[in-house]
Amino acid sequence: MGVSMIKPLSTNYLRSLTDDTGIFQHTKFGIPDRSKGYTSDDNARALIAAVMLNKRIRDKESLNLINTYLAFIHHAQNEDGSFRNFMDYNRLFIEKTGSEDCLGRCLWALGFTLSEPSVPHNVQNTCKYMINQALPHVRSLRSPRAMAYAIIGLTSMMQTENALRYKFPYPNMESDDPAFLPEAQIVSLIEELAMRLHTQYQSNKGEGWQWFEDRITYGNAMLPWALFKASHFSHIEAFRQTAKESLDFLALITFAKEGYFKPVGSHGWLDRGGEAALYDEQPIEACEMLLACLEAYKTLGKETYREQASLCYEWFHGRNSRHESLIDAETGGCYDGIHASGLNLNQGSENIVSYCMAHEVMHNE
């Protein structure tokens with residue numbers, strides 16, 4: 001089924017998973033599972049999807065979703081700028097500080113929201129305030145994916161003209177405050193994180209293995225995507241080359257000879273020198289590979305990357321190892337993935353958000 005034949009996406013299923021606190025983490029089939037509560041990870045992803053939807057729809061409902069998800073992330077941020085992640089249904093966070101990946105995902109969401117002109121200025125100001133609070137933690141990140149998420153958020157923010165020059169409504173938060181990093185220092189921070197990823201890749205690759213770690217697990221495509229993004233600001237050719245090599249290696253593993261996308265399964269992953277786990281295939285991998293391939297296409301101009309992005313999108317609609325659509329025609333939700341025995345019929349937030357991103361990006365190409 002061609003991209004143009006897919007019906008427009010609405011906010012209905014996102015709204016069904018969202019209450020006045022945020023988006024629920026899991027479902028039992030299509031019903032929110034309140035016992036599993038909420039996460040900052042999912043609300044950050046949902047914020048990105050809501051911003052994309054609002055860009056196209058420009059209605060009150062999509063703006064309400066933006067406000068709800070951003071309010072959750074704001075509440076999750078500690079006084080020192082770090083973020084808590086897991087919240088139970090009683091609206092109590094069950095940890096003092098979340099993972100590095102959580103901080104990275106929040107920065108991705110905040111930077112992306114700040115970069116979008118259709119978002120109201122008061123929302124952008126909130127994003128800028130929160131980014132400023134979180135920046136002192138960025139240089140200490142060591143998780144490759146956390147660094148990648150942070151790079152993508154910061155580069156998104158930097159790509160928007162005057163995004164860093166919005167004035168805060170707080171006297172102690174003006175752009176000339178010594179605590180606020182000027183533009184040149186943020187570019188330097190992006191370069192530093194990108195250099196760490198590049199160095200890790202160079203140290204680890206070899207003998208037919210062109211990857212950052214000895215294992216391919218989750219969120220894989222974020223690593224080359226981040227280096228493509230960083231290359232636009234640093235003009236360091238090595239970043240672009242590492243991004244291309246690693247993305248091409250990942251594509252070699254995940255695009256089947258039969259002509260469809262097949263991500264590395266989460267039930268075992270792929271160890272260096274081993275065989276990729278066949279299942280479970282997860283929607284987030286299709287979404288993030290799509291985003292990385294489109295970035296490669298924009299950077300390098302090779303049509304192959306755009307074709308691969310289309311295959312990632314079509315994975316949701318049945319061009320996959322099961323030849324079954326992951327989109328529920330009744331609810332508009334996205335199934336949790338592909339098992340060896342068939343579809344996982346739960347329809348949690350990570351999956352519908354992944355589909356929303358993929359859908360909106362492909363329909364704006």
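F233 has its side chain out of reach of I186: every pair of non-hydrogen atoms, C-beta onward, lies at least 4.5 Å apart. A 4.5 Å side-chain heavy-atom check between C293 and M289 finds at least one atom pair inside the cut-off. Counting only heavy atoms from C-beta outward, the side chains of H75 and T21 never approach each other to under 4.5 Å. Between I236 and S231 there is no side-chain heavy-atom pair separated by less than 4.5 Å. Within the 4.5 Å cutoff, the side chain of L154 has no heavy atoms near those of the K229 side chain.
When the salt bridge (Lys or Arg N to Asp or Glu O under 4.0 Å) test is applied to R34, no partner is found at least two apart in sequence or on another chain. Remark: K302 pairs with no residue by the salt bridge (Lys or Arg N to Asp or Glu O under 4.0 Å) rule, at least two apart or across chains. Listed by chain and number, the residues in a side-chain hydrogen bond (donor to acceptor under 3.5 Å, both in side chains) with N12 are S10, R15 (sequence neighbours excluded). In this structure, the side chain to side chain contact (heavy atoms under 4.5 Å, CB included) partners of R319, at least two apart in sequence or on a different chain, are Y260, L311, E314.
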* To do: Would you check, one step at a time, whether the test side-chain contact (heavy atoms from CB on, under 4.5 Å) holds for N85 with E95?
  => CA-CA 7 Å; N85 194 11; E95 60 187 355; 2.7 Å; yes
* To do: Evaluate the side-chain contact (heavy atoms from CB on, under 4.5 Å) criterion for residues I338 and S321: first the C-alpha distance (whole Å), next the side-chain angles of each, then the deciding distance (0.1 Å), finally the verdict.
  => CA-CA 8 Å; I338 300 177; S321 60; 4.2 Å; yes
* Pair Y335-D328, side-chain contact (heavy atoms from CB on, under 4.5 Å): steps then yes or no -> CA-CA 7 Å; Y335 295 118; D328 186 332; 3.5 Å; yes
* Worked check of side-chain contact (heavy atoms from CB on, under 4.5 Å) between L294 and M362 -> CA-CA 9 Å; L294 284 181; M362 287 303 294; 4.2 Å; yes
* To do: Could you please spell out the steps behind the salt bridge (charged side-chain N to carboxylate O under 4.0 Å, His left out) verdict for D20 and R91?
  => CA-CA 11 Å; D20 60 352; R91 298 182 177 179; 2.8 Å; yes
* Between T18 and Y69, is a side-chain hydrogen bond (donor to acceptor under 3.5 Å, both in side chains) present by the stated rule, with each step listed? -> CA-CA 9 Å; T18 304; Y69 302 141; 2.7 Å; yes
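Counting non-hydrogen atoms of neighbouring residues, nucleotides and ligands closer than 6.0 angstrom, the CD atom of E207 reaches no more than 12 such neighbours. Within 6.0 Å of the CD1 atom in I31, the count of heavy atoms belonging to other residues, nucleotides or ligands does not exceed 12.
The backbone N or O of A296 lies less than 3.5 Å from no partner atom in the side chain of T299, so there is not a single donor-acceptor pair. Without hydrogens or angle criteria, E285 side chain to V264 main chain gives no donor-acceptor distance under 3.5 Å. In this structure, T199 contributes its side chain and R196 its backbone to no donor-acceptor pair below 3.5 Å. Between the D336 side chain and the Q282 main chain, no donor and acceptor come within less than 3.5 Å of each other. Here the side chain of D271 pairs no donor or acceptor atom with the backbone of E275 at under 3.5 angstrom. For T242 (side chain) and F239 (main-chain N/O), no donor-acceptor pair under 3.5 Å exists by modelled atom type. Side-chain atoms of T11 do not come within 3.5 Å of backbone N or O of L14 as any donor-acceptor pair. Checked by atom type and distance alone, the side chain of T155 pairs as donor or acceptor with a backbone atom of I152 at under 3.5 Å. Distance alone, capped at 3.5 Å, places no donor-acceptor pair between the S82 side chain and the N78 backbone. Put simply, the side chain of R58 gets close to the backbone of K55: a donor and an acceptor are under 3.5 Å apart.
Atom CD of residue Q210 and atom OG of residue S246 lie 8.5 Å apart, to the nearest 0.5 angstrom. The distance from the OG atom of S203 to the CZ atom of F212 is 11.5 Å, given to the nearest 0.5 Å. To the nearest 0.5 Å, the span separating CD on E192 from CE on M147 amounts to 10.0 Å. The OG1 atom of T254 sits 8.5 Å away from the CG atom of N220 when rounded to the nearest 0.5 Å. Taking SG of C334 as the reference point, atom NE2 of H359 lies at 12.0 Å (rounded to 0.5 Å). Rounded to the nearest 0.5 Å, atoms CE (M52) and CE (M357) are 6.0 Å apart.
What you find for A150 and V138 is that their closest heavy atoms are CB-CG1, 4.4 Å. Annotation for L63 and N54: closest pair N-OD1, 3.9 Å, computed over non-hydrogen atoms. For I327 against S325, the heavy-atom pair with the smallest separation is N-OG, 3.1 Å. When all heavy atoms of L227 and A243 are compared, the pair lying nearest together is CB-CB, 3.8 Å. In plain terms, the two heavy atoms of L107 and A134 that are nearest each other are CD2-CB, 4.0 Å. Of all the heavy atoms in N132 and P136, the pair that sits closest is O-CD, 3.6 Å.
The pair K244-D248 meets the salt-bridge criterion, since a charged nitrogen lies less than 4.0 angstrom from a carboxylate oxygen. With respect to the salt-bridge test (charged N to carboxylate O, under 4.0 angstrom), the residues K205 and E245 qualify. Salt bridge absent: E100 and R142 never bring a charged side-chain N and a carboxylate O closer than 4.0 Å.
For H74 and F83, the gap between ring centers reaches or exceeds 6.0 Å.
Residues H339 and D280 bring a donor and an acceptor atom of their side chains to less than 3.5 Å of each other. Using a 3.5 Å distance cut-off with no hydrogens or angles, the side chains of E295 and H232 do pair a donor with an acceptor. When only modelled atom types and interatomic distance are considered, T27 and D33 share no side-chain donor-acceptor pair under 3.5 Å. Side chains of S349 and Q25: no donor on one and acceptor on the other come within 3.5 Å. Of the N and O atoms on the side chains of D42 and T39, at least one donor lies less than 3.5 Å from an acceptor on the other residue. Residues S40 and N43 bring no donor and acceptor atom of their side chains to less than 3.5 Å of each other.
The only member of R105, R145, R84 that meets salt bridge (charged side-chain N to carboxylate O under 4.0 Å, His left out) when paired with D41 is R105. Of the listed residues (T113, L135, L70), just one forms a side-chain contact (heavy atoms from CB on, under 4.5 Å) with M130, and that residue is L70.
Note: Y313 and H317 have tilted aromatic rings, judged against thresholds of 30 and 60 degrees for the angle between ring planes.
Put simply, I284 and L290 are part of two different groups of oily side chains (I, L, V, M, F, W, Y) that touch within less than 4.5 Å, one to the next. Under the 4.5 Å side-chain heavy-atom criterion for Ile, Leu, Val, Met, Phe, Trp and Tyr, F261 and Y297 are members of the same hydrophobic cluster. Cluster membership check: L223 shares its hydrophobic cluster with F255, using side-chain heavy-atom separations under 4.5 Å among Ile, Leu, Val, Met, Phe, Trp and Tyr.
In this structure, F93 shares a hydrophobic cluster with F24, Y38, F72, M87, Y89, the cluster being traced through Ile, Leu, Val, Met, Phe, Trp and Tyr side chains under 4.5 angstrom apart. Alongside F86, the hydrophobic cluster contains I94 (criterion: ILVMFWY side chains under 4.5 Å).
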